[in-house]
2 protein chains.
Amino acid sequence: MKGCLGDANAYTTSDDMELRHLRYFVAVADTLNFTKAAETLHLAQPSLTRQIQNLEEEIGVRLLNRSKKHVALTEEGRAFLIDARRMLVLVAESIQAVQRLSRGETGQLNIAYSSNFSFDLLPQTLGAFRQSHPHVALNLFDMTPAEQFRALEAHKIDLGFVGLRVSAANRHLQWACIARHKTVVVLPTKHPLARKSRIRLDDLKSMFFVGMSEKNHPGFREWLSQTCQPAGFTPRILQDADLEPALMTFVAEGLGVTLAREQIRNLPHSGVAFRPLTPPVHSDYWIAWNRDNETTALRQYIEVIKSLTGAFSNGFEKAATSV
Amino acid sequence: MKGCLGDANAYTTSDDMELRHLRYFVAVADTLNFTKAAETLHLAQPSLTRQIQNLEEEIGVRLLNRSKKHVALTEEGRAFLIDARRMLVLVAESIQAVQRLSRGETGQLNIAYSSNFSFDLLPQTLGAFRQSHPHVALNLFDMTPAEQFRALEAHKIDLGFVGLRVSAANRHLQWACIARHKTVVVLPTKHPLARKSRIRLDDLKSMFFVGMSEKNHPGFREWLSQTCQPAGFTPRILQDADLEPALMTFVAEGLGVTLAREQIRNLPHSGVAFRPLTPPVHSDYWIAWNRDNETTALRQYIEVIKSLTGAFSNGFEKAATSV
DNA sequence: AACCCTTCATAGCTTAGGGCTATTGCAGAC
DNA sequence: GTCTGCAATAGCCCTAAGCTATGAAGGGTT
């Protein structure tokens, strides 16, 4: 695969043949007339003659039989012509392919999301992007946020719908806030506070909390603390849940209350009540990707996401996208 | 396939990309280090830097991310690297293929012969050639001499075991005499002359002859006349045969006598006798090929033929091969 | 035969650009 | 901070690709 440095044979395959020679040779072979070929190449005939001579000398094989008056391909010339055409086609196609790639028209996007927190933005953005970029392959992966961060670091995915922004994360990460969700209090139905239709943060000051494990949901504790900070307390977390269903169970069993995005209501639940906060508190939803992995397709997908989110919650993404 | 002259897109696929750019790019991609890549290319680093810049500018796509200190491939770079390697491999392989072709190691040989005149030289030469040139494809075609001449003219075959040399033929033909056969008189068994064990040409002066049709065996009449000329007569041909079996039948039926190579005895015959001439008369056996079609493989096959024929009948081929 | 036309090869000049050296500028490492 | 490693830039040189002019050799025409 590499340079074949030590190989004596590789040396015979002359290193100063160039595509120019192939282009010229094909032109001559097409017309079997140096003068006409030179014209179509916008070239003087002696230059062409010389280059073809160089080519033949280079590979050590006579490709053309020139009798004054008639030019004909030799057997070798016929064989080489086929290959020369193939090479030129391959060159042109490769360039076009890479250009399409750089325009975001082709490529792959590996996207991770958390199924536990299904929200309708993902399919919506995928649909819109697929329409404008039909030749980009979209590969979806269901991962916990922690898995997403690892996959981002290992370059296994290009974009993660991670939810919470993590301050301590890999500094190569790029972030964008794509939604702002209402935060709700999750508490047992038989909890005294459940009788109130709206709950103040302050009401939660002395409560025990159930949290999401750092192992699966990095940033949850930090987010919870920051959310409660305006009320002047730090939530005391008694128990961690690995996944959202466990969180619901723990709350139902009275191990504590918690805060979550209002989408958590979509999860199946029993014995659990949801109450809005008053005044309302919002939680930003973030996506993350690798700064050094900014494919055009990725950038354009993020643009699609932004334009869609901007449509239903305008005004905040300017601040959000700034790192 | 051709130049795609009118196509606007073809213009974007820049015409001054060269294999050099690919070689350099692959080197850089291999090491991800301009300085080291330049070394392995026996090149100064600034030159390499410039060429890679040119390449990127040329195709309009950033292939490498250079942060001072680290060089990395972009998505586009990864894609292009694969193609670049493919192209360079194709170039090297094409050159080697055409070189093998020019050394006669590969290729095709289309060879025609006349089955009616099977003589052991053809299989013998094929066997020897196959051993020294195992990768040359040998295609055999059974044709009458006339068909061979037409096929030679149409470049459908590369070499014909035509037998008789034809003076009026295509002037692009090249000839070689590869054997000298004894000429025998073919006559009915009940013919008075059949009682003699040896016949003088002179004995045939007043006979009627059976010949081979010009349509299938061009040159036969000429050969017959020239053979009889030393005896001072021109054979009178009453009847032409299209193929050798018919010739035998005609002779057996008493339509006339004829002359032929002694190999004609190998054909099934009844009512026909063969008698040597005294003094002995010889007939040269010729092969023919196109002067403008002299593949190396063909040339080497002819060499094999000559060396084999030279082994059992030395001395005559010098004169014979001269046109 | 004389002539012209076509076409490839050669000679010699010009110049673009590929390569070189020297240097800068930046980012990590110590 | 200083040192080191490495890519980019600046500016010069010289190879070689391109040009014009000319030669030479067939083929066709008169």
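Residue numbers begin at 1 in each chain, while the letters A, B, ... track the order of the sequences.
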Counting only side-chain nitrogens and oxygens, does [X] get under 4.0 Å of the OP1 or OP2 atom of [N]?
| X | N | value |
| --- | --- | --- |
| S47(B) | dC20(C) | yes |
| N33(B) | dC6(D) | yes |
| Q45(A) | dT7(C) | no |
| T49(B) | dT9(D) | no |
| R66(A) | dA9(C) | yes |
| T35(B) | dA7(D) | yes |

Exercise. Distance from E75(A) atom CD to E294(B) atom CD, nearest 0.5 Å?
Worked result: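 Between atom CD of E75(A) and atom CD of E294(B) there are 12.5 Å.
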Write down the distance between [atom1] ([X]) and [atom2] ([N]), rounded to a whole number of angstrom.
| X | N | atom1 | atom2 | result |
| --- | --- | --- | --- | --- |
| I52(A) | dT7(C) | CD1 | C1' | 15 Å |
| E57(A) | dA16(D) | CD | C1' | 13 Å |
| F34(B) | dC26(C) | CZ | P | 18 Å |
| N65(A) | dC8(C) | CG | P | 13 Å |
| E18(B) | dG19(C) | CD | P | 11 Å |
| N54(A) | dT10(C) | CG | C1' | 14 Å |
| L43(B) | dG17(C) | CG | C1' | 14 Å |
| Y24(B) | dG18(C) | OH | P | 9 Å |

Exercise. Contact class for R50(B) vs. all strands (heavy atom < 4.0 Å): base, sugar-phosphate, or nothing?
Worked result: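 R50(B): no heavy atom of the nucleic acid under 4.0 Å.
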Exercise. Can you tell which of L41(B), T40(B), L48(B) makes a side chain to side chain contact (heavy atoms under 4.5 Å, CB included) with V28(B)?
Worked result: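 The side chain to side chain contact (heavy atoms under 4.5 Å, CB included) with V28(B) is passed solely by L48(B) among L41(B), T40(B), L48(B).
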Exercise. Does A297(B) offer a backbone N or O that forms a donor-acceptor pair with the side chain of T295(B) under 3.5 Å?
Worked result: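 Answer holds: no.
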Problem set entry | Salt-bridge criterion met for E18(A) and R20(A) (N-O under 4.0 Å) |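 Between R20(A) and E18(A) there is no salt bridge, as every charged N stays at least 4.0 Å from the carboxylate O atoms.
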Consider the side chain of [X], meaning its heavy atoms from C-beta on, and name the nucleotide among [options] that approaches it most closely.
| X | options | value |
| --- | --- | --- |
| P46(A) | dC8(C), dG18(C), dA21(D) | dA21(D) |
| A44(A) | dC19(D), dA7(D), dT21(C) | dC19(D) |
| K36(A) | dA17(D), dA7(D), dT7(C) | dT7(C) |

Exercise. Is any side-chain heavy atom of Y301(B) closer than 4.5 Å to a side-chain heavy atom of L138(B)?
Worked result: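 Result no, sub-4.5 Å side-chain heavy-atom pair not found.
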Problem set entry | Base dA8(D) to side chain Q53(B), donor-acceptor N/O within 3.5 Å cut-off |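 When only heavy-atom distances are counted, Q53(B) does not reach the base of dA8(D) through any donor-acceptor pair under 3.5 Å.
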